[in-house]
Amino acid sequence: MTRPTIAITMGDPAGIGPEVIMKALAQPQVQAICNALVIGDSNRLRKAGQIVGVPLEVDALSDAKQANFASKAVQCVDLKLVPDDLPFGRLSATAGEAAYRYIERAVQVVQAGLAQGICTAPLSKEALHAAGHKYPGHTELLAHLTGTPEVSMMLVSPKLRVIHVTTHIGLLDAIEKIEPGLVERVIARGHDVLVRAGVANPKIGVCAINPHAGENGLFGRGEEAAKIAPAVEACQRKGWDVHGPLPADTLFFLAGRGDYDMVVAMYHDQGHGPIKVLGLEAGVNITVGLPVIRTSVDHGTAFDIAGKGIADERSLIEALRQAVDLAPKKAA
């Protein structure tokens, strides 16, 4: 099999994206598994390379078709959107606009068959909004750009996989939005991606909404019975190994020790908290349900340390590894 080409978006150019990209692409383990095509700004990457002490050269490309993966230089489709004097660590609409355009071009590159997956460095939602792009984050933006009506966020760490029924909405709105059809579709998307990743019959645990899974109506207003249990039963009828609704605290403990292949979380913090406790530096965000493969680091722009050369590249390396694992395979 040939190495897949992964389009890496540079993220917010004022954040740590350029630094972690240069640090990751200097690693032999990354060079061995994929052809990396950065969508961003070549001068910003060169500056980041100097900051982190990575001596890689950067080739500025006007089109993805020009990429030369036999070269040892970083291949960068340069959109020329970053002023030379743009400071690191400072929020701006200029940087937000650049981050949006990188994602837009990456989608075009994959749709043209010039890459097999997308791996995203972090962007700033506030900067994105300042530039006029009113999306809660990467997940919703990519859904819009690909014309996908519904996607799910999956977080992966070395010990845990979590897929979310709801994400960037308030807790009251999340509880209102949860319904059996949505829960069943999310379970199905997670089941599909695990099977494609080589887990033949994944064991899936589904979180309850209320403490103690409602304890037979003692807590909550019957949400478990009305909103979750019918979806679990529908999946079980398909022959899938799905369990729930289960108390979230117990389920995450069991999944963390390996009893479950995936947890279905009902809302943002229910799923994000355990992943981040287990290790933010190795977490990966996967958008499930898109017509393109997309993985991402599971951390933000870290404006407080941007430009200081101390950002940790391990999450990006793991995100690239996940993108390679999920990317369509091509014969050599």
Side-chain angles (χ1 to χ4, degrees), residues 5-31 33-92 94-110 114-115 117-124 127 138 295-297 299-303 305-317 319-320 323:
T5 297
I6 304 299
I8 306 172
T9 58
M10 201 174 72
D12 190 303
I16 62 172
E19 294 169 75
V20 296
I21 288 172
M22 293 301 285
K23 291 176 77 173
L25 296 188
Q27 298 296 320
Q29 67 200 69
V30 172
Q31 297 167 4
I33 62 173
C34 69
N35 296 325
L37 179 66
V38 181
I39 313 296
D41 184 275
S42 59
N43 285 333
R44 198 63 165 183
L45 290 177
R46 292 187 189 101
K47 184 176 292 186
Q50 293 171 356
I51 290 170
V52 300
V54 169
L56 289 175
E57 295 183 2
V58 181
D59 288 343
L61 316 174
S62 60
D63 192 286
K65 294 178 182 178
Q66 299 172 341
N68 175 18
F69 297 117
S71 169
K72 294 183 179 179
V74 173
Q75 303 297 293
C76 174
V77 176
D78 192 344
L79 302 193
K80 301 185 184 302
L81 296 173
V82 183
D84 288 340
D85 60 353
L86 183 80
F88 281 99
R90 189 176 302 171
L91 186 146
S92 74
T94 298
E97 178 66 23
Y100 175 87
R101 295 300 169 190
Y102 301 153
I103 300 162
E104 181 182 55
R105 178 64 68 88
V107 168
Q108 294 167 357
V109 167
V110 173
L114 299 173
I118 297 172
C119 183
T120 57
L123 55 70
S124 163
H138 270 118
T295 67
S296 177
V297 295
H299 59 70
T301 52
F303 283 150
I305 63 169
K308 297 181 180 179
I310 59 175
D312 193 320
E313 73 277 18
R314 284 179 290 177
S315 182
L316 180 60
I317 292 173
L320 284 166

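The nearest pair of heavy atoms linking V38 to V74 is CG2-CG1, 3.9 Å. What you find for A319 and T295 is that their closest heavy atoms are O-OG1, 2.8 Å. Smallest separation of non-hydrogen atoms from I51 and F88: CD1-CE1, 3.6 Å. Closest of all the heavy-atom pairs between V297 and P122 is CG2-CD, 3.5 Å.
Within the 4.5 Å cutoff, side-chain heavy atoms of L123 are placed close to those of I103. Looking at heavy atoms from C-beta onward, L316 lies in side-chain contact with C119 at the 4.5 angstrom threshold. In this structure the side chain of I8 reaches within 4.5 angstrom of the side chain of L25, judged on heavy atoms. At a threshold of 4.5 Å between non-hydrogen side-chain atoms, the residues I6 and I118 do not count as touching.
Formation of a donor-acceptor pair under 3.5 Å by the T5 side chain with backbone atoms of A115 is not found in this model. K23 places a side-chain N or O within 3.5 Å of a backbone atom of A311 that can act as its donor or acceptor partner.
Counting only residues at least two apart or on different chains, the side chain to side chain donor-acceptor pair (under 3.5 Å) pairs with a member in residues 52-65 are D59-Q75, S62-Q66. Sorted by first and then second residue, the side chain to side chain donor-acceptor pair (under 3.5 Å) pairs with a member in residues 76-92 read S42-D78; sequence neighbours excluded.
We find the CZ-CG distance between F303 and L91 to be 5.0 Å, quoted to the nearest 0.5 Å.
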Could you give the side-chain donor-acceptor pairs of residues 9-22 under 3.5 Å, partners two or more places apart or in another chain?
| from | atom 1 | to | atom 2 | distance (Å) |
| --- | --- | --- | --- | --- |
| D12 | OD1 | A14 | N | 2.8 |
| E19 | OE1 | G309 | N | 2.9 |
| E19 | OE2 | G307 | N | 2.7 |

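Annotation: side chain to side chain contact (heavy atoms under 4.5 Å, CB included) contacts of A64 (sequence neighbours excluded): L37, V77, V109, L114. Remark: R101 pairs with E97, E104 by the side-chain hydrogen bond (donor to acceptor under 3.5 Å, both in side chains) rule, at least two apart or across chains. Partners of R46 under the salt bridge (Lys or Arg N to Asp or Glu O under 4.0 Å) rule, at least two apart in sequence or in another chain, do not exist in this structure. Residues satisfying the side chain to side chain contact (heavy atoms under 4.5 Å, CB included) test with I317, not counting sequence neighbours, are A24, Q27, Q29, V30, E313, R321. Qualifying ring pair (Phe, Tyr, Trp, His ring centres under 6.0 Å) partners for Y100, counting only residues two or more places apart in sequence or in other chains: H133.
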